[in-house]
Amino acid sequence: MTTPEAATLATELRTAMAKLTRRAKHEDRIPHGHPAAALSVRHVKHEDRIPHGYVAVLGVLEREGAMTTSDLATDQGVRPQSMARAVGLLLEQGLVTRRAHPTDGRKTLLELSDAGRAALEAERGRRAGWLALAIETELTEAERELLARSAALMERLAAR
């Protein structure tokens, strides 16, 4: 059984995380040229952004290494046909490469290309830019240190 203090803290933390998540999603949708885009540390023209679902695929390939289209679909919880369309676009853009599966000649593996790795890093930087600016401008040095420690604690709770 939890203490009332832990329950209150849990509620406050969930509320704060939900607000931060909503703000992050809002910032991700701000188009280039919008007055609010000037507040970002780094921004990319809206039409140059990688759609969120594609960024997720690139991230999986970065973390997990080469995978089949079917494995990617399973990982992302989508139909293989949907993933095949996404993979086709990523291949066209040169963000992923294809190579033969080492043990099954019927399969091909997809890997993150150098261009895909660079695009993924740029997208991560763009998405984190507004938050980095807010941390620098809104928080004191002591608050930034506390936030860094808190992030590690939240990672620990998420892994539980």
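Computed from a predicted model, the values in this text were never measured in an experiment. Hydrogens, waters and symmetry mates play no part in the numbers below; they use all other heavy atoms, side chains included.
The heavy-atom pair separating Leu109 from Pro102 by the smallest distance is CD1-CD, 3.7 Å. A pairwise comparison of heavy atoms in Ala119 and Leu95 identifies CB-CD2, 3.8 Å as the closest pair. Between Thr69 and Pro80, the shortest heavy-atom distance links the atoms CG2-O, 4.2 Å. Shown here for Gly94 and Ala115, the closest heavy-atom pair between the two residues is O-CB, 3.6 Å.
Distance check, rounded to the nearest 0.5 Å: CD of Glu62 to CG of Leu112 gives 6.5 Å. In this structure, CG in Leu157 is found 10.5 Å from OG in Ser150, a value given to the nearest 0.5 Å. Going from atom OG1 of Thr74 over to atom CE of Met83 covers 9.0 Å, rounded to the nearest 0.5 Å. Interatomic distance, Glu136 CD to Leu131 CG, rounded to the nearest 0.5 Å: 10.5 Å. For the atom pair OH of Tyr54 and CG of Leu120, the computed distance is 15.5 Å after rounding to the nearest 0.5 Å. Rounding to the nearest 0.5 angstrom, the gap separating the CZ atom in Arg117 from the CD atom in Glu111 is 9.0 Å.
Annotation: side chain of Thr21 is in contact with side chain of Lys25 (closest heavy-atom distance under 4.5 Å). Between Val57 and Val96, every side-chain heavy-atom pair lies at or beyond the 4.5 Å cut-off. Inter-residue side-chain proximity for Leu89 and Pro51 is flagged as unmet; no heavy-atom pair is nearer than 4.5 Å. Proximity of Arg14 to Thr11: side-chain heavy atoms (C-beta onward) are nowhere separated by under 4.5 Å. Side-chain contact between Val60 and Arg63 is present, with heavy atoms from C-beta onward closer than 4.5 Å. Counting heavy atoms from C-beta on, the side chains of Met154 and Leu13 come closer than 4.5 Å.
Here the options are Leu58, Thr97, Leu61, the test is side chain to side chain contact (heavy atoms under 4.5 Å, CB included), and the partner is Ser113; only Thr97 passes.
Between the side chain of Thr2 and the main chain of Ala7, no donor-acceptor pair closer than 3.5 Å is present. Using a distance-only test at 3.5 Å, with no hydrogens or angles considered, a donor-acceptor pair links the side chain of Glu143 to the main chain of Thr140. The backbone N or O of Lys19 sits nowhere less than 3.5 Å from a side-chain atom of Arg23 that would complete a donor-acceptor pair.
Side chains of Thr68 and Asp71: a donor-acceptor N/O pair is present below 3.5 angstrom, by distance only.
Cluster annotation: Leu20 and Leu147 are assigned to the same hydrophobic cluster (Ile/Leu/Val/Met/Phe/Trp/Tyr, side-chain heavy-atom contacts under 4.5 Å, transitive).
Between Arg127 and Glu27 there is no salt bridge, since none of the side-chain N atoms of the basic residue sits less than 4.0 Å from a carboxylate O of the acidic one.
Among residues two or more places apart in sequence or in another chain, the side chain to side chain contact (heavy atoms under 4.5 Å, CB included) test is passed with Arg85 by Arg79, Gln81, Ser82. Judged as a side chain to side chain contact (heavy atoms under 4.5 Å, CB included), and not counting sequence neighbours, the contacts of Arg98 are Val87, Leu91, Thr108, Leu110. Legend: residues meeting side chain to side chain contact (heavy atoms under 4.5 Å, CB included) with Glu141, ordered by chain and number and at least two apart, are Arg144, Glu145.
More than 12 heavy atoms of other shown residues, nucleotides or ligands fall within 6.0 angstrom of atom CG in Asp104.
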